[in-house]
Amino acid sequence: MKNVDDLIASAAELAERGLSKGEIADELNVSRETASWLVERSGSTGYEEPDQPDAETTGASGPHDIHVDWSAVGRDSTRLTQIGRAMADLLLKEGEEVDLTIGIEKAGAPLATVVASELDTDLGSYAPAKHQWEEGDIEELGGSFSRNFAQIRDRECYVVDDTITSGTTMRETVESIREEGGDPVACVVIVDKQGIDEIEGVPVYSLIDVVRVGEE
Ligand SMILES: O=P(O)(O)OC[C@H]1O[C@H](OP(=O)(O)OP(=O)(O)O)[C@H](O)[C@@H]1O
C-alpha cells in the first residue's frame with residue numbers, strides 16, 4: 001500500500017464486501033474515524049453504519065491519522081527477525097524473572113516468536129475478542145489464549161504486537177493475562193500511534209512513536 005488512493009480503494013473494496021467501518025479500521029490499521037473517511041471518499045455504497053464521523057474530527061482534508069504499512073518487514077523473514085531483535089532489545093531493561101512472551105494474533109505472533117527466541121522465553125499466543133466477533137455485542141466476548149502455546153498462570157510475561165492504534169487491543173490483552181493469573185511486565189510494539197508510556201500500569205516500549213504536532 002503506497003498512498004491514500006490505495007487506502008481509499010482498499011476501503012471501498014472491503015465496504016463492498018460488507019465489512020463494517022470498525023472491521024475496515026482493523027483491516028487497514030487505521031482509526032475508526034479514518035476508516036469512515038476513506039469509505040466516504042471512495043463513494044462506496046457498501047455497508048453503511050448509522051453513526052457517521054464527526055465533521056470536526058475528520059475535516060475537509062481528512063482525519064488526523066497515520067496508516068502504518070510495515071509489510072516490507074512482514075514479508076521478509078530476515079527483516080522481521082532483525083526488527084524482532086530490536087524489540088527484544090527494548091525489553092532487556094524490564095524483568096529478570098520473565099520466562100514467557102505472548103504475541104497478539106495475528107501480526108504480533110511472528111514478532112513474539114523472534115522476541116521469545118532472542119530472550120530465551122516460552123511463547124504464548126492471544127487472540128483478541130474482536131477476532132471472535134461475528135455479530136452482537138463484542139463486550140460480551142472474551143479473547144482467548146491458544147492451548148497450542150505456553151500457559152500463562154503464575155508467570156511473568158512480555159506482550160508483543162505490531163501496532164498500537166487506539167490501545168484497545170493491548171489493554172484487553174493485559175487485562176486477560178491478569179485474569180488468567182499471569183503478570184504482564186512490559187509491552188512492546190513496532191509503532192505506537194498513541195505515544196503512550198504505559199497501559200494499565202504496564203510499561204509500553206515502541207521502536208517508533210508517532211507524535212502529532214500542531215494539535216490540541
Ligand atoms: O490499538 P488498537 O486500536 O486495538 O489497534 C491495534 C491492533 O489492531 C491490529 O490488529 P488487527 O486485528 O487489525 O490485525 P491482525 O489480526 O492482522 O494483527 C494490530 O495488529 C493490533 O493488534
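Read the numbers this way: they start at 1 and go in the same order the structure lists the ligands and their atoms.
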Considering only heavy atoms, which of E27, E172, K106 lies nearest to atom 15 (P) of ligand 1?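 Minimum heavy-atom distance to atom 15 (P) of ligand 1 goes to K106.
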Proximal candidate to atom 5 (O) of ligand 1 [heavy atom criterion; set L111, T173, V191, T165]: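 Looking at heavy atoms only, T165 sits closest to atom 5 (O) of ligand 1.
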If the cut-off is 4.0 Å to any non-hydrogen atom of S166, which atoms of ligand 1 fall inside it?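 Listed by number with element, the hits are 1 (O), 2 (P), 3 (O), 4 (O).
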For D162, atoms of ligand 1 separated by under 4.0 Å from a heavy atom: 19 (C), 20 (O), 21 (C)
Sub-3.5 Å donor-acceptor pair from the side chain of [X] to the main-chain atoms of [Y], do we have one?
{"X": "K193", "Y": "T163", "value": "no"}
{"X": "R85", "Y": "E118", "value": "no"}
{"X": "E156", "Y": "D154", "value": "no"}

Do I66 and V191 come within less than 4.5 Å of each other through their side chains, counting heavy atoms only?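 No, every pair of side-chain atoms sits at 4.5 Å or beyond.
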Once you restrict to heavy atoms under 4.0 Å, what part of T163 touches ligand 1? Side chain, backbone, both or neither. both
Relative to ligand 1, is T168 under 4.0 angstrom through side chain, backbone, both or neither, heavy atoms considered?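 Near ligand 1, T168 shows its backbone as well as its side chain.
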Using only heavy-atom distances, determine whether the side chains of E94 and Y158 contain a donor-acceptor pair under 3.5 Å. no
Decide whether an N or O pair under 3.5 Å exists between [X] and ligand 1.
{"X": "A107", "answer": "yes"}
{"X": "G167", "answer": "yes"}
{"X": "D161", "answer": "yes"}

Is it possible for you to say whether V73 and V115 belong to one hydrophobic cluster, with membership spreading through side-chain heavy-atom contacts below 4.5 Å? yes
Is I177 reachable from M170 through a run of I, L, V, M, F, W or Y residues, each pair having side-chain heavy atoms under 4.5 Å apart? yes
Just to check, does E105 reach to within less than 4.0 Å of ligand 1 when the distance is taken from its heavy atoms? yes
